[in-house]
Amino acid sequence: MESELKTSLIEEWRGYKGRPFLISGPCSAETEEQVMETALQLAQLKEVSVFRAGIWKPRTRPNTFEGVGIGGLKWLRRVKQETGLLVGTEVANEKHVYEALKYGIDMLWIGARTSVNPFTVQEISDALNGVDVMVLVKNPINPEIELWIGAIERIARAGITRLGAIHRGFSSYEKTTYRNQPNWQLPIELRRRIPNLPIICDPSHIAGSRAFLHEISQKAMDLNFDGLMIESHIDPDKALSDAAQQLTPNELKELLSRLIMRNPSTSDPRLLDVLGELRQQIDVFDDHLLDLMEQRMKVAETIGNYKKENNITILQSTRWDEIMKKVITRGVAKGLSPELIDTIFKAIHQESINHQMKIMNNGIRKETE
Ligand code: PEP
Ligand code: MN
């Protein structure tokens, strides 16, 4: 289902200073001094458009810092008055929306733990009806594109046009290098489904650690994301939440200076010609890949028939182990990453199993007919 949202282009948003549209500030507002000092330093960076600070914090465990609450909204209002930066915070229910709007907050975002819940998103949408404020919807913690799009659509229905998405990665059970898995194909699919919707990357919550902020930011820029949300704190190590993933404003400045910005498209006719030809080659290879997979499945089906006739189980794990080892070694020798080979071949294997299952089950149905 294609979405038809009436959203405005990010270039037309108040406060837009160019790509990346930059949102920065501490994970949490902690004290008036911490908020003001961080904001004053961030205001010195020409790229920052919006100052962020969490007022209500969704924490995994109780008895951890859950935000300063309404009192902190006054500090954000002060930031706006004294630095000229726009200000934004997370809202997780209708009360948060009313309170934030009362203090003139310019941008509201819906957190990953809220966008999973259609009831709550609807409640927030109802509270936003007819209000003109920027709203960003973080991806739900689980990698479900429809849930993300659904939350965006609910907010759009309230008449919000300065609407965008934040990609903050997805939670996974396995221990991984990053705190949250980026699953880049999801924001890419979101762009395909809603082409004009601004997408902001949140490297802080993907990384979970300062060390990876630059590489994730660069990747987001290379994928043509519109903006970045990066947490910044005057004294990151002493932050009451997300200490490991925040940068000082100075470190943020340094990160930005190292970002390489590439153009999303070109109008140079010669380059367009060359690209056109190369893209045709890619299309030919893609067709070829599909043909090969079709042929591979036919062979798998033939094997399925033999297995059925001889009463052999579909899955033979030793054979599968050998295949995986072989293709990874050969793939790596061809300059392909082991992750790619692993993903592709597991998917192909699953597809073979599905084809063989169909053959087996058809047989069973026939026998009972
Ligand atoms: C945050 O932005 O500080 C936050 C809580 O983010 P998320 O909803 O992505 O976990
Ligand atoms: Mn945070």
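Both ligands and their constituent atoms are indexed starting at 1 by order of listing.
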*Tell me the protein N, O or S atoms under 2.8 Å from the Mn ion (ligand 2), in chain and number order.*
C27 SG, H205 NE2, E231 OE2, D242 OD2
*Can you tell me if S115 uses its side chain to pair, donor with acceptor, with the backbone of W148 under 3.5 Å?*
no
_Atoms in ligand 1 with a heavy atom of E90 nearer than 4.0 Å_ = 4 (C), 5 (C)
*atom 4 (C) of ligand 1: the protein heavy-atom neighbour that sits closest, reported with distance to 0.1 Å*: H205 NE2, 3.5 Å
*Taking NZ, NE, NH1 and NH2 as the nitrogens, is one of them in R78 or E32 under 4.0 Å from a carboxylate oxygen of the other?*
yes
_ligand 1 N/O within reach of R52 N/O, cut-off under 3.5 Å_ = yes
_In terms of relative ring orientation, are W320 and H349 parallel, tilted or perpendicular, with 30° and 60° separating the classes?_
parallel
*CE of M261: more than 12 outside heavy atoms within 6.0 angstrom?*
yes
*Consider every N or O of A112 and every N or O of ligand 1, then say whether any pair is closer than 3.5 Å.*
yes
*Distance-only side-chain donor-acceptor flag, E277 / Q281, under 3.5 Å*: no
_Using a strict threshold of under 4.0 Å (side-chain N to carboxylate O), is an ion pair present between D226 and R191?_
yes
*Does the gap between the ring centers of W75 and Y103 come in under 6.0 Å?*
no
*Based purely on interatomic distance, does D242 place a nitrogen or oxygen under 3.5 Å from a nitrogen or oxygen of ligand 1?*
no
*Identified salt bridge (Lys or Arg N to Asp or Glu O under 4.0 Å) counterpart of E231 within the set R210, R168, R52*: R52
*For C27, counting its heavy atoms only, list the atoms of ligand 1 lying under 4.0 Å from any of them.*
3 (O)
*asked:* Assess, by modelled atom type and distance only, whether the side chains of N305 and E301 contain a donor and an acceptor separated by less than 3.5 Å.
replied: no
*asked:* For M229, state whether at least one heavy atom is located under 4.0 Å from any atom of ligand 1.
replied: no
*May I ask you to identify the nearest protein heavy atom to atom 7 (P) of ligand 1, giving residue, atom name and distance to one decimal place in Å?*
K138 NZ, 3.4 Å
*Per-atom contacts of ligand 1 with R168, taking only distances under 4.0 Å to non-hydrogen atoms*: 7 (P), 9 (O), 10 (O)
*asked:* Just by distance, no angles: are the side chains of H233 and E30 close enough, under 3.5 Å, to form a donor-acceptor pair?
replied: yes
*Looking at K57, which atoms of ligand 1 are within less than 4.0 Å of one of its heavy atoms?*
1 (C), 3 (O), 5 (C)
*R179 with D242: basic N within carboxylate O range, under 4.0 Å*: yes
*asked:* For G54, state whether at least one heavy atom is located under 4.0 Å from any atom of ligand 1.
replied: no
*Anything under 30° is parallel, anything over 60° is perpendicular, the rest tilted; go ahead and classify W184 against F225.*
perpendicular
_ligand 1 atoms in contact with G111 (distance to a heavy atom under 4.0 Å)_ = 8 (O)
